[in-house]
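Below: one structure, written as structure tokens.
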Amino acid sequence: MSLLEIKNLKKSFGDNVVLKDISLNVDKGEVLSIIGPSGSGKSTLLRCITDLEQEDSGIINFDGAFGLVFQDFNLFPHHSVIKNITNAPLRVQKRDRTEVFNHARHLLKKMGLEDKEDAYPCELSGGQQQRVSIARALAMNPDILFFDEPTSALDPELTGEILAVIKQLAADNMTMVIVTHEMNFARKVSDSIIFMENGVIVEEGSPEEVFTSNNKRMQEFLGKFN
Ligand code: ADP
Ligand code: MG
């Protein structure tokens with residue numbers, strides 16, 4: 001049984017058909033990367049799965065908690081790091097205060113940010129903010145973690161620290177769906193890859209299958225990264 005099943009998902013904005021009959025499965029412990037050109041519908045797909053957007057038709061079977069990590073961190077600027085992390089577990093999940101704070105501190109330590117709990121987002125580097133954002137997502141005890149271009153707003157030297165965190169989560173068997181333009185990373189960390197273009201899954205399979213595909217569009221897309 002897959003943890004997440006999507007069948008025949010369709011979504012339009014006005015007459016712009018953005019997702020055309022998307023079907024996919026994610027198994028427990030799987031790392032799925034979604035690649036493809038800008039405008040192909042990757043963010044819309046994640047937004048439909050995570051209820052930020054309403055699909056027009058299709059089935060999304062997912063019975064669990066999810067965490068979402070955005071390109072631009074989306075931290076609350078007026079809240080300290082620890083408050084950013086503990087807010088939803090306390091208010092939404094109504095969990096025990098001591099347990100939530102202990103968990104948050106454990107996650108901060110894991111992210112190498114144990115000395116930053118009282119800092120405000122503006123006092124942190126982009127890489128640190130993104131690690132807080134990952135800690136915040138993990139604080140919900142998600143069954144799946146979704147990433148939408150988690151390193152696109154970061155300088156190359158900060159990108160590496162975020163990719164290392166995601167790699168560690170993969171080693172810990174976290175189920176993840178990652179939209180990314182980091183092709184080498186996707187190839188190394190993923191169990192499976194989907195190449196999307198114009199709202200359609202053009203290619204899917206293991207990293208080896210997808211990256212060595214003879215599909216013309218796939219080759220053209222990968223060529224842009226070489
Ligand atoms: P990607 O993440 O692959 O770059 P998006 O899912 O962001 O692609 O966008 C796919 C298409 O959907 C684009 O043409 C974009 O302009 C359109 N789109 C996305 N969100 C909205 C929205 N809220 N309203 C109207 N059009 C949107
Ligand atoms: Mg996007």
Side-chain angles (χ1 to χ4, degrees), residues 4-26 30-60 62 66-75 126-127 129-131 133-134 136-137 142 144-156 158-159 162-163 165-166 169 175-187 189-190 192-205 207 210-211 213 215-226:
L4 167 67
E5 286 183 329
I6 297 175
K7 282 187 199 143
N8 308 114
L9 192 71
K10 293 179 185 150
K11 173 71 182 173
S12 300
F13 293 105
D15 52 16
N16 183 8
V17 186
V18 174
L19 298 177
K20 304 168 187 162
D21 204 23
I22 297 286
S23 297
L24 62 88
N25 288 337
V26 180
E30 181 177 351
V31 178
L32 166 68
S33 290
I34 302 175
I35 59 175
S38 181
S40 55
K42 305 180 299 296
S43 293
T44 302
L45 175 59
L46 287 199
R47 292 173 62 81
C48 286
I49 301 171
T50 56
D51 291 329
L52 293 173
E53 202 72 73
Q54 177 64 50
E55 65 275 13
D56 297 332
S57 61
I59 296 169
I60 300 174
F62 174 54
F66 62 80
L68 188 50
V69 176
F70 300 92
Q71 176 177 339
D72 48 3
F73 327 133
N74 278 26
L75 295 171
Q129 289 186 57
Q130 192 60 303
R131 280 183 279 148
S133 161
I134 294 171
R136 180 177 62 175
I144 302 190
L145 209 44
F146 295 92
F147 291 88
D148 194 353
E149 299 194 27
T151 63
S152 291
L154 299 176
D155 297 336
L158 298 181
T159 294
I162 297 306
L163 297 182
V165 166
I166 299 174
L169 292 171
T175 310
M176 294 186 281
V177 176
I178 308 168
V179 172
T180 185
H181 290 299
E182 296 288 336
M183 293 303 135
N184 290 329
F185 175 74
R187 190 169 184 161
V189 81
S190 311
S192 46
I193 308 251
I194 280 176
F195 171 59
M196 256 179 88
E197 189 174 48
N198 295 324
V200 174
I201 294 177
V202 174
E203 211 42 81
E204 62 184 308
V210 169
F211 281 97
S213 155
N215 182 282
K216 188 165 167 286
R217 290 301 307 132
M218 182 76 218
Q219 286 304 326
E220 279 172 19
F221 176 71
L222 289 179
K224 297 199 174 94
F225 295 90
N226 294 328

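As the structure lists them, so they are numbered: ligands from 1, and atoms in each ligand from 1. Side chains included, hydrogens not; waters and symmetry mates left out as well; all remaining heavy atoms used. All values derive from a computational prediction rather than experimental measurement.
- Note that K11 lies in the cation-pi zone of F13, set by a 6.0 Å cut-off to the ring centre and a 45° limit from the axis.
- Among all non-hydrogen protein atoms, the one lying nearest atom 3 (O) of ligand 1 is K42 NZ, 2.8 Å.
- For the pair C48 and L9, the tightest heavy-atom approach, listed with the atom from each and the gap, is CB-CD2, 4.2 Å.
- Pairing each heavy atom of A137 with each of L145, the nearest pair is CB-CD1, 3.5 Å.
- Between K216 and E220 there is a salt bridge, with a side-chain nitrogen of the basic residue lying less than 4.0 Å from a carboxylate oxygen of the acidic one.
- Every atom of ligand 1 is numbered from 1 in the order shown, and the set under 4.0 Å from a heavy atom of P37 is 3 (O).
- The two atoms that bring G36 and S40 nearest to each other are C-OG, 3.9 Å, heavy atoms only.
- The protein atom (non-hydrogen) at minimum distance from atom 14 (O) of ligand 1 is N16 ND2, 3.2 Å.
- The Mg ion (ligand 2) has S43 OG as its protein N, O or S neighbours under 2.8 Å.
- Looking at V179 against ligand 1, nothing comes within 4.0 Å, counting heavy atoms.
- Ranking protein heavy atoms by distance to atom 12 (O) of ligand 1, first place goes to V18 CG2, 3.2 Å.
- Counting only residues at least two apart or in different chains, side chain to side chain donor-acceptor pair (under 3.5 Å) contacts with residues 176-185 comprise E149-H181.
- E30 and S192 share a side-chain donor-acceptor pair at under 3.5 Å.
- Side chains of E203 and S213: a donor-acceptor N/O pair is present below 3.5 angstrom, by distance only.
- Ranking protein heavy atoms by distance to atom 8 (O) of ligand 1, first place goes to G41 N, 3.2 Å.
- In this structure, F66 and F62 have tilted ring planes: the angle between them lies in the 30° to 60° band.
- Protein heavy atom closest to atom 27 (C) of ligand 1, with residue, atom name and distance, is F13 CD1, 3.2 Å.
- Of the polar atoms of S40, at least one N or O is found under 3.5 Å from an N or O of ligand 1, judged by distance alone.
- Ranking the protein heavy atoms by distance from atom 1 (P) of ligand 1 puts G39 N, 3.5 Å first.
- Counting heavy atoms from C-beta on, the side chains of I134 and F147 come closer than 4.5 Å.
- Within the 4.0 Å heavy-atom shell around ligand 1 one does not find G14.
- Assignment of S38 to the shell around ligand 1 is supported, since a heavy atom sits closer than 4.0 Å.
- Residue, atom and distance of the protein heavy atom nearest to atom 7 (O) of ligand 1 are S43 CB, 3.7 Å.
- In this structure, the protein non-hydrogen atom closest to atom 5 (P) of ligand 1 is T44 OG1, 3.7 Å.
- The shortest non-hydrogen separation linking S33 to S190 is OG-OG, 2.7 Å.
- Contact check for F73 versus L154: side-chain heavy atoms found under the 4.5 Å cut-off.
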